[in-house]
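Chain letters run A, B, ... following the sequence lines, proteins first, then strands; residues in each count from 1. Values in this document were obtained by computation on a predicted structure and should not be read as measured data.
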Amino acid sequence: MSEARIDDRVLGTLHARILDWFSEHARDLPWRSATASAWEIFLSEVMSQQTPVARVEPIWREWISRWPTPFALADAPAGEAVRHWGRLGYPRRALRLHEAARAMVARHDGQVPTSYEDLLALPGVGEYTAAAVASFAHGDPQVVIDTNIRRVLVRAVEGRALPAPSLTARERAVAAAAMPSDREQANAWNAAVMELGALVCTARAPRCGDCPVLEICAWQRAGCPPDDGPARRGQAWHGTDRQVRGRILQLLRDTPSPVARDHLDTVWPQDPVKVDRCLAGLVEDGLVEPVEAGYSLPA
DNA sequence: CAAGCGTGGGC
DNA sequence: TGCCCAAGCTT
């Protein structure tokens, strides 16, 4: 366990300025309401994984209205979760949310667990989500590290443009050292740094003119050097299994009854073998179920 | 552990 | 236009 030291004066300024900025500029997201339940916050966190907040909000409203508690979702067929996931992306998250709801009913009296360890044990919950739910839903100031926080800290403290592809021990140490010691402030800090990364200290075209910690930012003082890491590999899309899986699922979501195998070829007419492979993968993942009449979302 | 997993908006 | 990226997780 390495240790990171941040100058006390710098730290004090970071805390004061970023918390103050947050109190003024935080977006009015529904799951930040004082009355939001742990379940509502849990849903928002999983839905927000790799997904812009603007796209999450309508689906989140639909879900909390339809399934206001873990019991409600646990009682629904898994396929309904996938159907109402819509086009949010990474639909395995819908399945895992459904499994998580059933785990909450089975192991936690239908409640969102409060400890980091119990949260981490839920399907679809990794280090980030476990820490975020502990902090935001339960007021337990775990060290939250997401892509926004990594970027803000690597710039403000380390003076580099972008964090490395994978989380380093050094980053964990810096994030831990950056947390305010006060419990309330620590929880606010988690949300505030994320928000600063999302709105101001963005990956491309950061709005440094609006930054509350411009004067003490190490990256700024270094003259905003460009990223020195290896070029990032973009994800292929056209013609990939991902694209075809997406189309198959979209068709199944938009069709109330099972879809015949032949009809599924319409999503990728140039290659029925690829459709076969993707279908097998979707069945393997539990996102699709073979039935007599063809294929449908799982029961 | 590197690769796979959706989707759509912004530049 | 094409590329980059967005509150990651799993195997």
- What parts of residues 118-154 of chain A reach DNA chain B, counting only heavy atoms under 4.0 Å away?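 Close to the strand, none.
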- Task: Sugar-phosphate means primed atoms, P, OP1 and OP2; the rest is base. With that split, encode nucleotides 6-11 of chain B 5' to 3' as B, S or - using protein heavy atoms under 4.0 Å.
- Result: BBBBB-
- For DNA chain C, find the residues of residues 155-164 of chain A with a heavy-atom distance under 4.0 Å and give them by number; none if there aren't any.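 Within residues 155-164 of chain A, no residue comes under 4.0 Å of DNA chain C.
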- At what distance, to the nearest 0.5 angstrom, does CD of Gln243(A) lie from CD1 of Ile248(A)?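 The CD atom of Gln243(A) sits 11.0 Å away from the CD1 atom of Ile248(A).
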- Once the angle between the rings of Trp21(A) and His25(A) is folded into 0 to 90°, is it parallel (under 30°), tilted (30 to 60°) or perpendicular (over 60°)?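 Ring orientation of Trp21(A) relative to His25(A): parallel.
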Heavy-atom donor-acceptor pair, [X] side chain to [Y] backbone, under 3.5 Å:
X	Y	answer
Arg160(A)	Val154(A)	no
Lys274(A)	Gly239(A)	yes
Asp140(A)	Ser135(A)	no
Trp60(A)	Glu40(A)	yes

- Earliest and latest nucleotide of DNA chain C, 5' to 3', sitting under 4.0 Å from a non-hydrogen atom of chain A?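 Contact span on the strand: dC4(C) to dT10(C).
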- Item | Under 3.5 Å side-chain donor-acceptor pair for Tyr128(A) and Gln49(A) |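 Per modelled atom types, Tyr128(A) and Gln49(A) side chains form no pair under 3.5 Å.
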- Item | Residues which pass salt bridge (Lys or Arg N to Asp or Glu O under 4.0 Å) with Glu171(A), listed by chain and number, not counting sequence neighbours |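 Salt bridge (Lys or Arg N to Asp or Glu O under 4.0 Å) check on Glu171(A) returns Arg150(A).
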- Item | Residues which pass salt bridge (Lys or Arg N to Asp or Glu O under 4.0 Å) with Glu292(A), listed by chain and number, not counting sequence neighbours |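 Salt bridge (Lys or Arg N to Asp or Glu O under 4.0 Å) check on Glu292(A) returns nothing, list empty.
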- Task: Provide the distance between the two P atoms, one in dA7(C) and one in dC5(B), to the nearest whole Å.
- Result: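 After rounding to an integer number of Å, I get 22 Å for this pair.
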- What is the nucleic acid contact for Ala54(A), judged by heavy atoms within less than 4.0 Å: base, sugar-phosphate only, or nothing?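 Nothing: the residue Ala54(A), judged by heavy atoms under 4.0 Å, touches no strand.
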- Task: Answer with base, sugar-phosphate or nothing: what part of the nucleic acid does Trp31(A) contact at a heavy-atom distance below 4.0 Å?
- Result: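 Touches a base.
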- Message: Out of the candidates Cys208(A), Cys201(A), Cys211(A), only one should pair with Arg155(A) under the side-chain contact (heavy atoms from CB on, under 4.5 Å) rule; please name it.
- Response: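 That would be Cys201(A); it is the only one of Cys208(A), Cys201(A), Cys211(A) passing the side-chain contact (heavy atoms from CB on, under 4.5 Å) with Arg155(A).
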- Task: Can you establish whether the number of heavy atoms outside Glu215(A) located under 6.0 Å from its atom CD is more than 12?
- Result: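 Yes, enclosed.
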- Message: Quick check on Arg27(A): does its CZ atom have over 12 non-hydrogen neighbours (other residues, nucleotides or ligands) under 6.0 Å away?
- Response: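 Atom CZ in Arg27(A) is packed in, count exceeds 12.
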- Task: Would you confirm whether the ring centroid of Trp63(A) sits within less than 6.0 angstrom of the ring centroid of Trp85(A)?
- Result: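 Close enough - the centres of the two rings lie under 6.0 Å apart.
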